[in-house]
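Below: one structure, written as structure tokens.
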There are 2 protein chains.
Amino acid sequence: MPVKAGERLDPEATKTRILAAASDVFIRRGIHAVGINEIAEAAGASKLTIYKNFGSKDGLVEAVLTDRTRRVRAWHEQAVEQAETGRDRILAVFDLVATWYAEAGFRGCAMMNAATEDRGRDGTPRQLAQDHLNFYRDLFSRLLSEAGVRDPETTARQLVVVLEGATLISAVDRDPGLGAEARAIVETLLDAA
Amino acid sequence: MPVKAGERLDPEATKTRILAAASDVFIRRGIHAVGINEIAEAAGASKLTIYKNFGSKDGLVEAVLTDRTRRVRAWHEQAVEQAETGRDRILAVFDLVATWYAEAGFRGCAMMNAATEDRGRDGTPRQLAQDHLNFYRDLFSRLLSEAGVRDPETTARQLVVVLEGATLISAVDRDPGLGAEARAIVETLLDAA
DNA sequence: GCGAGATAGTACCGATCGGTCTCATCTAAC
DNA sequence: GTTAGATGAGACCGATCGGTACTATCTCGC
């Protein structure tokens, strides 16, 4: 049957709903592993609507990743602002991801996963993943600078290695304990910096 | 035409040749992105031979990953043995991967990539990736123990985070500099341990 | 040289892929 | 009420997927 009775006919809400459903299923099962039909079913939308809104599967993937990195950035910036001092602000990032690792269905960083899956094409997913890494570098660099660390860029890059390493291993091992491990590494690095 | 004239008819060599070709193309382009036909072409073998030897694509993937982890383990164990003292032996692992990052066509850790691509199925690739991580933990733990570090298991787990984080980021950014970054982090962690 | 096994080449199978299309039905604005 | 746009359902398309079958040709042990 056509549009669900009683539901608003809101193009923007439809787009958002598709984005949310596609994001969920891509993260859980993988981008290559999921077809448009499955996304349509998960979103409660038709293929027509998906292609009208996003043009192609690649377009949908790009929209999902762009939306994802935007949300993650806002998420981190908000968490950082709620912490007091420089060092606590940095640790707040790792406390935040620790709660993320413990969520049911956690499957790692969507941006890195997409870049890994797309490694044969060198396309938009990898570029967005690089931008995502650079966001973390800039964020850490700013916080380290505020904390009075000399050479904040170098330490910032090290923190990104720890962050993504912990995220990857937590996903592979399905082990939320990587949050605490990452935090311990970061404290050692901050002590030394 | 059938078997190439002048070439030996050696089933074991054929199997090895398929394994090598599949490994190369899987790493470079991704497991899901590559079909059996392409592997057959790359290996200079027919699909019949592939299925006779490996049963299915999943069987081939498992064989490739098993072979891969075996080679990587031997590679690391050999490098470690050539170093002198405990601390140098640990750093030898990171010096080794630094040369790996600098290789043309480097695309990250095949085991983690496979687990990431297969995250929707929870199958053999993820199990092999976990075994691979445990190999690193055991290796580092042994070396740290020999170096007189207290609580070697904890530090070993931290080194694995750094190793896999650097490998992932080096692949995404195509930046061999992650080798030196990882080494610097490890030195800090060893100083603190 | 003869038979057994390994292999290449290729056609083929059903399923699924990304993507297009048609049609009926809904909502929203007037 | 009428109309335009949004949508769902699903048939359809060509391509490709993993996997099988068949045939001809090669090598090797005897």
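Chain A is the first sequence line, chain B the second, and so forth, proteins listed ahead of strands; every chain is numbered from 1.
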- With respect to the side chain of B:Ile36, which nucleotide from C:dT7, D:dG18, C:dT20 is positioned closest? D:dG18
- For A:Asn53 and D:dT7, what is the distance between atoms CG and P respectively, to the nearest whole Å? 7 Å
- Give a yes/no on whether any side-chain N or O of B:Arg17 is located under 4.0 angstrom from OP1 or OP2 of C:dT7. no
- If you look at every strand shown and take non-hydrogen atoms under 4.0 Å, does B:Ala45 touch a base, only sugar-phosphate, or nothing? sugar-phosphate
- Rounded to the nearest angstrom, tell me the gap between atom CD1 in A:Ile39 and atom C1' in C:dG18. 11 Å
- Task: Provide, to the nearest angstrom, the distance between the CD1 atom belonging to B:Ile50 and the P atom belonging to C:dA6.
- Result: 16 Å
- Message: If the cut-off is 4.0 Å, is B:Thr14 near the phosphate of C:dA6, judged by side-chain N/O to OP1 or OP2?
- Response: no
For nucleotides 10-16 of chain D, which of its nitrogen or oxygen atoms have a protein nitrogen or oxygen under 3.5 Å away, and what is each distance?
none

- Message: Between C1' on D:dA6 and CD1 on A:Ile18, what's the gap in Å once rounded to a whole number?
- Response: 11 Å
- Query: Roughly, in whole Å, what's the span from CG in A:Leu60 to P in C:dG18?
  - Reply: 10 Å
- Item | Side chains of B:Asp138 and B:Ser141, donor plus acceptor under 3.5 Å | no
- In whole Å, what is the span from the CZ atom of A:Phe54 to the P atom of D:dT7? 11 Å
- Message: With no hydrogens and no angle check, just 3.5 Å: does a side-chain donor-acceptor pair link A:Asn37 and A:Glu41?
- Response: no
- Between D:dT7, C:dG18, C:dA8, which nucleotide has the shortest distance from any of its atoms to the side chain of A:Lys57? C:dG18
- Could you tell me whether the side chains of B:Ser170 and B:Thr167 share a donor-acceptor contact shorter than 3.5 Å? no
- Neighbour count >12 (heavy atoms, 6.0 Å) for atom CD, B:Glu146: yes
- Does the side chain of B:Thr85 pick up a donor-acceptor pair with the side chain of B:Arg89 at under 3.5 Å? no
- Message: On the six-membered ring of A:Tyr51, is A:Lys57 placed so that its NZ or CZ lies under 6.0 angstrom from the centre and within 45° of the ring axis?
- Response: no
